[in-house]
Amino acid sequence: MAQFKHLAELNSFISMDGENAKGSVQRWQRKLNLSAASTSFNSSALANTSNRQTLSVSMTGNANNTLQLSTTGNSLKTPRKNGVKTTVASSKKKSSQTPTKGSGQSLPGGGDRFIPCRTTTDFDLGHYIVKQAPTGKEEDTENEESTSPKHSERMKGLSEAMRGCDIKNHRLLSFQAKVPAPPEGHMNPLKAIYSVKTPMSAKSGSRYIPNAPERILDAPEIMNDYYLNLMDWSMDNVVAVALGSSVYLWNAATGTIEMLFENEGNDHACSLGWIHEGHILAVGTSAGTVELWDCENIKRLRVMNGHSARVGVLAWNSYVLCSGSRDGLIINHDVRTRQHNIGMLQGHTQEVCGLKWSPDGKYLASGGNDNLVHVWSAANGAPHATGDPLHVFNAHQAAIRALAWCPWQPNVLASGGGTADRTIKFWNVANGNLMNSVDTKSQVCGLLFSKTYKELISAHGYVNNQLTIWKYPSMTKQVDLLGHTGRVLQMAMSPDGSTVMSAGADETLRLWNCFTPDPLLAKKENSAVREKPSLLTQSMR
């Protein structure tokens, strides 16, 4: 048997395969064994801290020796030449290494904030939270049965009482340093992409308004007179404009241009006004007459007298046409009868340059060169005004040409003053009170309320010759529409309320697509303009 044992040892010694069990332990194996021993020692030391402290006290008898024995346990380091004895003071000696920038007290912004702090992390609570997560279908069904409202409130109360916080909102890891604040003035370029809230630009309070005109038309020889009203837009989408001694018609749908008539001599048109339905255009002349034209057949229907000076403004209310003149009078014309003059309003001492009926037909507002605004009441439901004015507003300091009624508040009237006034004022005609006054810093030549939005557009003269869109009733400026090189004489709105045409002293007509309805909020029904036959053509003489 001894010889077989000898042969086996010889073969194992000579063989080059397998592990060398009897050779010296390699270096990497020694390091692995040392690391395993250190981890086992640390775990055993943490578990038996109280026992070791008690044993050390019984051996030494004072606190200092306790610290010495606890700190001089079995160390894995090579013992020094002067003995195994080490003290706390020796362990706290300053290092002989070259000090670095990060040595000593840590800076508030230094270090990596993603490294958790072990001293402030509750590992037991984190272990419990991880174990509470469901891992199977059976646990899911059990949790669904036990997660009643009362049970969840009870568990939340217990967790707050035991741990001082809600376990569901507690973090597993604790970080010592807070997130460093960004430098002053830093803007995150990805904020708009990852933002949950709707940006302000997408809200309705700041809609997109084109600041350039959609189209520009030439208007040669248009008269630069503040007191005249030389343009109007009909419900049939036809624009009438007076250029010099002629009146032209421009079809906005087809783009065709047609001359209605041309005056002889020095006579010229001073005001234009379309009837609300049909193809009848009223023309106020410099001779003090009012003419009615059938624009479909290019024919003049009748001429109505009554004024002794030029007629600068016209306003329709059903079959009644109101005309304002430089003689200070306002005449109500019933275009159905031979005796057309059915009433005369005397209140202004100078030229009447503004006339507007309210949307409900109950009030007529007039503005004059005497810096006064008069509000007339309709006579017993009739479409004309009689008697004395209901209100007289004298707060303006210049001529009032710009007048507009609020379509959703029939009792609210807006008026704009000239160069010496430069304000837009809002009146409540029900009680005669001044609601608001806004200084526009320039001459107010026209006012229009939007049919789509709660906004107001105003036309101005010197210095910028701009159109301004205001938010109503706050009167915060939305945008200025620039482009005219001369003052804006007048504005007109399209039948659908989406486009505004402005006539300027620079002899141009500009179309602004500033009130286009939002496609997401617009109704799907096509609002086609109904063509109704006018009953006035049969009764006019």
Side-chain angles (χ1 to χ4, degrees), residues 200-217 229 231-241 250-253 255 273-274 276 356-359 402-410 412-416 424 426 436 438 440 442 444-460 464-484 488-504 508-530:
M200 292 298 295
S201 59
K203 295 184 179 179
S204 59
S206 58
R207 63 184 183 89
Y208 171 72
I209 302 175
N211 55 5
E214 183 183 8
R215 194 169 182 180
I216 301 176
L217 304 175
N229 295 269
M231 184 180 63
D232 197 15
W233 202 329
S234 73
M235 297 300 295
D236 295 326
N237 207 12
V238 178
V239 178
V241 58
W250 178 68
N251 193 320
W274 287 99
H276 295 314
K356 285 289 182 180
W357 277 97
S358 61
L403 295 172
W405 292 90
C406 182
W408 57 88
Q409 291 179 336
V412 176
L413 172 67
S415 60
I424 300 175
F426 297 91
N436 192 8
V438 180
T440 63
S442 61
V444 183
C445 302
L447 290 173
L448 287 175
F449 276 96
S450 172
K451 300 178 182 179
T452 309
Y453 305 95
K454 289 189 176 181
E455 294 175 352
L456 174 73
I457 184 170
S458 57
H460 299 275
N464 294 323
N465 307 316
Q466 83 281 8
L467 280 75
T468 304
I469 298 179
W470 310 83
K471 198 74 175 177
Y472 182 82
S474 61
M475 290 304 291
T476 56
K477 185 183 294 187
Q478 297 289 93
V479 68
D480 285 334
L481 305 179
L482 303 175
H484 283 288
V488 183
L489 299 174
Q490 194 178 356
M491 292 187 301
M493 184 174 288
S494 61
D496 59 356
S498 62
T499 306
V500 172
M501 175 178 280
S502 59
T508 60
L509 303 177
R510 297 173 186 261
L511 283 84
W512 309 87
N513 202 6
C514 54
F515 293 129
T516 303
D518 190 352
L520 299 178
L521 302 178
K523 296 181 180 179
K524 297 181 180 179
E525 299 178 358
N526 295 327
S527 56
V529 179
R530 295 180 298 175

Smallest heavy-atom separation, Met235 atom then His276 atom, equals CG-O, 3.1 Å
* To do: Using modelled atom types only, decide if a donor and an acceptor are shared between the side chain of Asp232 and the backbone of Trp274 within a distance under 3.5 Å.
  => yes
Rounding to 0.5 Å, atoms OG1 (Thr452) and CG (Asp518) come to a distance of 10.5 Å
Do we see a donor-acceptor contact under 3.5 Å between the side chains of Ser234 and Asp236? no
In terms of heavy-atom contacts, Trp512 and Leu482 come closest through CH2-O, 3.4 Å
Evaluate side chain to side chain contact (heavy atoms under 4.5 Å, CB included) for His460 paired with Asn465, printing each intermediate quantity in order. CA-CA 5 Å; His460 299 275; Asn465 307 316; over 6 Å; no
With Phe449 as partner, the option from Tyr472, Trp405, Phe515, Trp470 fulfilling ring pair (Phe, Tyr, Trp, His ring centres under 6.0 Å) is Tyr472
Taken to the nearest 0.5 Å, the spacing of Arg215 CZ from Asn513 CG works out to 13.0 Å
Pro495 and Trp233 have their tightest heavy-atom pair at CD-NE1, 3.7 Å
Rounded to the nearest 0.5 angstrom, the CG-OG distance for Leu481 and Ser502 is 8.5 Å
Smallest heavy-atom separation, Val444 atom then Ala402 atom, equals CG1-CB, 4.0 Å
Tyr453 and Gln478: side chain donor to acceptor below 3.5 Å: no
Output for pair (Met491 CE, Cys445 SG), nearest 0.5 Å, gives 9.0 Å
Report task. Tell me, with the steps shown, if Leu511 and Leu217 meet side chain to side chain contact (heavy atoms under 4.5 Å, CB included). Result -> CA-CA 8 Å; Leu511 283 84; Leu217 304 175; 4.2 Å; yes
#### Entry: Side-chain heavy-atom pair Leu456, Leu447 within 4.5 angstrom cut-off
yes
d(Leu467 CG, Ile457 CD1) to nearest 0.5 Å is 4.5 Å
Whether Gln490 side chain and Met231 backbone form a donor-acceptor pair below 3.5 Å | yes
What one should report as the nearest heavy-atom pair of Pro407 and Pro359 is CA-CG, 4.2 Å
Output for pair (Lys454 NZ, Ser474 OG), nearest 0.5 Å, gives 11.5 Å
Review point. Does a side-chain heavy-atom distance below 4.5 Å link Ser458 with Ile424?
Key: yes
On a heavy-atom basis, the closest approach of Gly497 and Lys451 is CA-CD, 4.0 Å
**Prompt:** Does a side-chain heavy-atom distance below 4.5 Å link Cys514 with Glu455?
**Reply:** no
Between Ile209 and Ile469, does a side chain to side chain contact (heavy atoms under 4.5 Å, CB included) hold up when you go through it step by step? CA-CA 9 Å; Ile209 302 175; Ile469 298 179; 3.9 Å; yes
### Task
Run the numbers on Asp480 and Asn464 for side chain to side chain contact (heavy atoms under 4.5 Å, CB included), then give the verdict.
CA-CA 9 Å; Asp480 285 334; Asn464 294 323; 5.7 Å; no
Check your understanding: Taking C-beta and beyond as the side chain, do Arg510 and Val488 meet within less than 4.5 Å on heavy atoms?
Key -> no
*Quick one: does Thr468's side chain get under 4.5 Å of Thr440's, heavy atoms only?*
no
